Amino acid sequence: MDTWKKRTKAVHAGTRRSQYGEVSEAVFLTQGFVYPSAEAAEARFENLCADEFIYARYGNPTVRMFEDRMAMLLGYEDAFACTSGMAAVSGALMAFLKAGDHVVSSRALFGSCLYVLEDIIARFGVEVTLVDGTDNAAWDAAIRPETTVVFLESISNPTLEVVDLRHVVKASHAVGAKVVVDDAMATPIYSYAAECGADIAVVSTTKHVDGQGRMLGGLIAGSRDLIRGPIEAYLKHTGGAMNPFTAWTHLKSLETLDLRVGQQSATAMAIADALDGHPKLNTVRYPNHAAHPQCDLARSQCETGGTVLAIDVKGGKDACFTFLNALNLFTISNNFADAKSIVTHPATTTHQRLPQDQKDTLGITGGLVRISAGLEDAGDLIDDLIAALDAI
Ligand SMILES: *Cc1c(COP(=O)(O)O)cnc(C)c1O
């Protein structure tokens with residue numbers, strides 16, 4: 001299995017078959033498991049062997065299949081599946097931190113990640129330093145001997161900043177800090193967190209894994225020691241484990257992950273090409289596109305730029321709302337990676353809570369639109385965007 005290419009792993013890795021030899025993965029929709037005797041129950045609680053289960057909050061065969069498949073896909077030894085991406089982010093941080101610790105994080109983060117760092121973790125006596133993630137010198141200056149965890153989004157949501165992951169890993173490991181990467185935007189099929197040496201990759205599986213706007217899920221991947229040690233201990237006792245039905249739909253979705261992400265990434269690039277230089281736009285941003293200020297770094301880390309791009313519409317919020325309301329094919333929503341193309345206005349939705357000065361620092365302007373490229377025809381999507389820009 002280790003020599004399989006990612007596309008093969010996405011279809012087959014981690015499969016467990018019951019005594020019936022089913023072709024499609026079985027969903028074990030059960031909270032618990034029966035023991036053949038009182039002695040067997042005692043033995044299982046004393047020493048849980050591989051392929052034995054006690055309670056679905058601790059583990060379940062369908063969920064374990066999903067964890068094994070994702071771990072192999074991401075290039076890690078093991079993984080723990082969670083109820084949502086945020087259960088995974090907060091679980092990965094809480095499992096490692098204690099009062100007096102120091103965390104360094106990039107400032108350009110998903111709104112809820114910023115809340116966990118600034119409002120929750122900080123309440124427990126953990127000091128948090130936020131840096132400009134695109135500035136290697138800023139990481140070097142902020143990471144210090146007391147730093148225990150370094151957190152970042154490999155590609156930031158929604159401004160699509162790219163972090164030099166190898167540099168940050170080297171600086172972090174020099175002081176013994178663990179690197180936790182929120183890998184939602186990089187996509188599980190093109191993730192480079194493991195090859196760059198990140199200790200933990202956290203994925204919101206709500207995004208590309210489900211990819212069809214149905215299921216909320218998350219996953220933490222890392223070494224077996226970390227996953228079956230502090231991560232599992234924290235999550236199984238605090239109740240963050242994924243339910244088996246979600247794991248089953250995710251397993252089926254993984255079969256088409258490579259096809260979907262490949263197509264959606266090509267469409268995102270085609271949209272960036274078509275909109276680049278449009279007179280009604282200040283900027284067009286897509287990581288691997290020549291117009292992105294960090295294009296060389298993005299290309300050196302990953303062969304695609306993901307399924308999301310961002311544009312900044314001239315004329316601020318009013319012009320931007322005219323554009324959004326004139327779209328026919330794109331829906332206004334706040335997910336991304338869905339088969340249906342979606343536009344999001346971060347300043348008034350996902351990042352509404354941020355004070356104006358923080359929005360200014362992050363570049364979350366009134367004109368910023370996050371565009372998630374779906375599985376529709378790229379030409380139809382481009383026509384819709386151009387017509388809506390004409391409406392301004
Ligand atoms: C969506 C997202 C999350 C949260 O995931 P949920 O599944 O919605 O809880 C965390 N980080 C990033 C970068 C995301 O895009």
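The model shown is predicted, which means the values in this text are computed figures rather than measured ones. Indexing begins at 1, ligand by ligand and atom by atom, following the structure's order.
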**Message:** For Lys340 and Ser372, which I'm curious about, is there any donor-acceptor pair between the side chains at under 3.5 Å?
**Reply:** no
**Prompt:** Under 3.5 Å, is there a donor-acceptor pair between the Asn157 and Arg370 side chains?
**Reply:** yes
**Prompt:** How close does the nearest protein non-hydrogen atom get to atom 2 (C) of ligand 1, and which residue and atom is it?
**Reply:** Lys207 NZ, 2.5 Å
**Request:** Select the closest option to atom 7 (O) of ligand 1 among Val308, Thr206, Asn334, judged by heavy-atom distance.
**Result:** Thr206
Please state whether [X] comes within less than 4.0 angstrom of ligand 1, counting heavy atoms only.
X: Glu153; value: yes
X: Cys113; value: yes
X: Ser156; value: no

Relative to the heavy atoms of [X], which atoms of ligand 1 are at a distance of less than 4.0 Å?
X: Gly217; answer: 7 (O)
X: Ala184; answer: 12 (C), 13 (C), 14 (C), 15 (O)
X: Asp182; answer: 10 (C), 11 (N), 12 (C), 13 (C)

**Item:** Distance-only N or O hit between ligand 1 and Leu216, under 3.5 Å
**Value:** no
**Asked** Any N or O of Gly85 that comes nearer than 3.5 Å to an N or O of ligand 1?
**Response** yes
**Asked** Which class fits the ring pair His250 and Phe66: parallel under 30°, tilted 30 to 60°, perpendicular over 60°?
**Response** tilted
